[in-house]
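Structure first, commentary second.
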Amino acid sequence: EAKRCGLGQIQLFHPQMADTMEHRVRMESDLRWAIENNQQLELYLQPQLNRSRQVIGAEALIRWQHPKQGFISPAEFIPLAEETGLIVSLGDWVNQQACKIIKQWQQLGMAHLVLSINVSSPQFQQLDFVDKLNDLIRQYDVPPGSLKIELTESVLMQNVDEVIGKINELKQLGIQFALDDFGTGYSSLSYLMKLPFDLLKIDVSFVREMLSSPEKDAIVRTIVQLSHNLGLSVVAEGVETEQHFQHLQMLGCDSFQGFLFSKPVPAVEFQQQTP
Ligand code: C2E
Ligand code: MG
Ligand code: MG
Ligand code: MG
């Protein structure tokens, strides 16, 4: 990004930016190494509960433990992976780990649980995304009904008919689809609702403020009603307090996820804490 100087001129390179670019190049090569060597990366799981507080599944959230920089947030390295194309191999890795987790659940008598995975738009855009996922499902012999894919509305940057086609192909296998971060984007609602989702996810930002902001509360109510009017299920993310939970239940929300129940934890811990 070019930075404006005092005289209105544009200075293309300055020392801080060189630092940043060097940092990005370094992070890119570190991330590539981590993916290729199957190290430092781990899928954490955060439980999703129904209205009776029973665990019905989990969302897989990637964690990167960098040897020098410590924990790096996915909010930081997923965008980097998307920009550099590394999201393809990272996404393949996530999908494979997800299948392994579902396999373990089956062996542990937890086969009723559904695992949600986040698939970023450039990843979903791959021509062979459906084929690769299908191969993994067969290789690990997992029931496709145990898998849910979370997409954000940025998938609409692609050809909408192609996206609908891919979603339907995977839905025919039994995979469910959720629209993540609903309400935070800029797409036209009628356009967005052409996509055959099963479920809408209310973004953390609305839930966090719904008890103090009438506007946020109105948005949450509207999303719940919209979902039900369209025959979709609705899940709230970012449920941090008992009051959040009560209020969302009162509004008719179908399922819940948040620190009130559990933060994202390693798969082994999730299995131990799930009855
Ligand atoms: P997301 O899919 O919307 O995930 C929800 C985020 O909210 C997660 O952040 C989760 O840890 C956080 N969260 C859960 N409960 C609460 C709560 O009660 N309060 C608050 N304040 N936050 C809560 P996280 O794990 O840092 O992930 C950030 C984003 O990174 C995700 O947002 C998703 O877009 C992306 N991401 C994570 N894992 C993957 C992955 O495997 N693949 C892809 N493509 N993206 C991923
Ligand atoms: Mg998600
Ligand atoms: Mg979200
Ligand atoms: Mg998000």
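Everything numeric in this text was worked out from a predicted model, so none of it was measured. We count ligands from 1, going down the list as the structure has it; atoms in each ligand are counted the same way.
- Of all atoms in ligand 1, listed by their number and element, those nearer than 4.0 Å to a heavy atom of D180 are 1 (P), 2 (O), 3 (O).
- In D181, the part holding a heavy atom less than 4.0 Å from any atom of ligand 1 is the side chain.
- The distance from ligand 1 to the heavy atoms of Q46 drops below 4.0 Å at these ligand atoms: 14 (C), 15 (N).
- Counting atoms of ligand 1 from 1 in the listed order, those under 4.0 Å from a heavy atom of E240 are 17 (C), 18 (O), 19 (N), 20 (C), 21 (N).
- Close N/O approach between L260 and ligand 1 is not found [any backbone or side-chain N/O within under 3.5 Å].
- Shown in contact with S120 at under 4.0 Å from a heavy atom are these atoms of ligand 1, numbered in order with element: 44 (N).
- Distances from the Mg ion (ligand 3) to the N/O/S atoms of D180 are shortest for OD1.
- Polar contact with ligand 1: absent for S73 (N/O pair, distance under 3.5 Å).
- Between G258 and ligand 1, no N or O atom pair is found at a separation short of 3.5 Å.
- Under the 3.5 Å distance criterion, with hydrogens and angles disregarded, a donor-acceptor pair is assigned to the side chains of Q96 and Y140.
- For a distance bound of 2.8 Å, the N, O or S atoms of N118 include one lying that close to the Mg ion (ligand 2).
- Ligand 1 has no N or O atom lying under 3.5 Å from any N or O atom of Q123, backbone or side chain.
- L199 and L230 sit in two unconnected hydrophobic clusters of ILVMFWY residues. Membership requires side-chain heavy atoms under 4.5 Å apart, directly or through other members.
- Atom numbering of ligand 1 starts at 1 in the shown order; those under 4.0 Å from a heavy atom of V94 are 41 (O).
- D181 lies apart from the Mg ion (ligand 2) in this respect, since none of its N, O or S atoms is found at a distance under 2.8 Å.
- By the 4.0 Å heavy-atom criterion, K263 is excluded from the residues contacting ligand 1.
- Contacts with ligand 1 closer than 4.0 Å are made by heavy atoms of both the backbone and the side chain of I62.
- Residue contacts with ligand 1, taken as heavy atom pairs separated by less than 4.0 Å, do not involve K201 at all.
- Distances below 4.0 Å separate heavy atoms of P264 from the following atoms of ligand 1: 11 (O).
- For ligand 1, none of its N or O atoms has an N or O atom of Q257 under 3.5 Å away.
- With a 4.0 Å cut-off on non-hydrogen atoms, N118 touches ligand 1 through its backbone as well as its side chain.
- For F182 and F206, the distance between ring centers is not under 6.0 angstrom.
- For the side chain to side chain contact (heavy atoms under 4.5 Å, CB included) with S255, the qualifying choice from V235, L49, L248 is V235, the only one to do so.
- Contact annotation: E237 places an N, O or S atom under 2.8 Å from the Mg ion (ligand 3).
- Looking only at atom types and distance, the side chain of Q54 has a donor-acceptor partner in the side chain of N50 under 3.5 Å away.
- Taking 4.0 Å as the cut-off, R208 does not count as a neighbour of ligand 1 on heavy-atom distance.
- Not a single N, O or S atom of D203, from either the backbone or the side chain, sits less than 2.8 Å from the Mg ion (ligand 3).
- E150 contributes atom OE1 as its closest N/O/S atom to the Mg ion (ligand 2).
- Only side-chain heavy atoms of R63 come within less than 4.0 Å of ligand 1; its backbone N, CA, C and O stay farther off.
- Under the 3.5 Å distance criterion, with hydrogens and angles disregarded, no donor-acceptor pair is assigned to the side chains of T84 and E28.
- When E59, Q257, E237 are each tested for a side chain to side chain donor-acceptor pair (under 3.5 Å) with Q48, only one passes: Q257.
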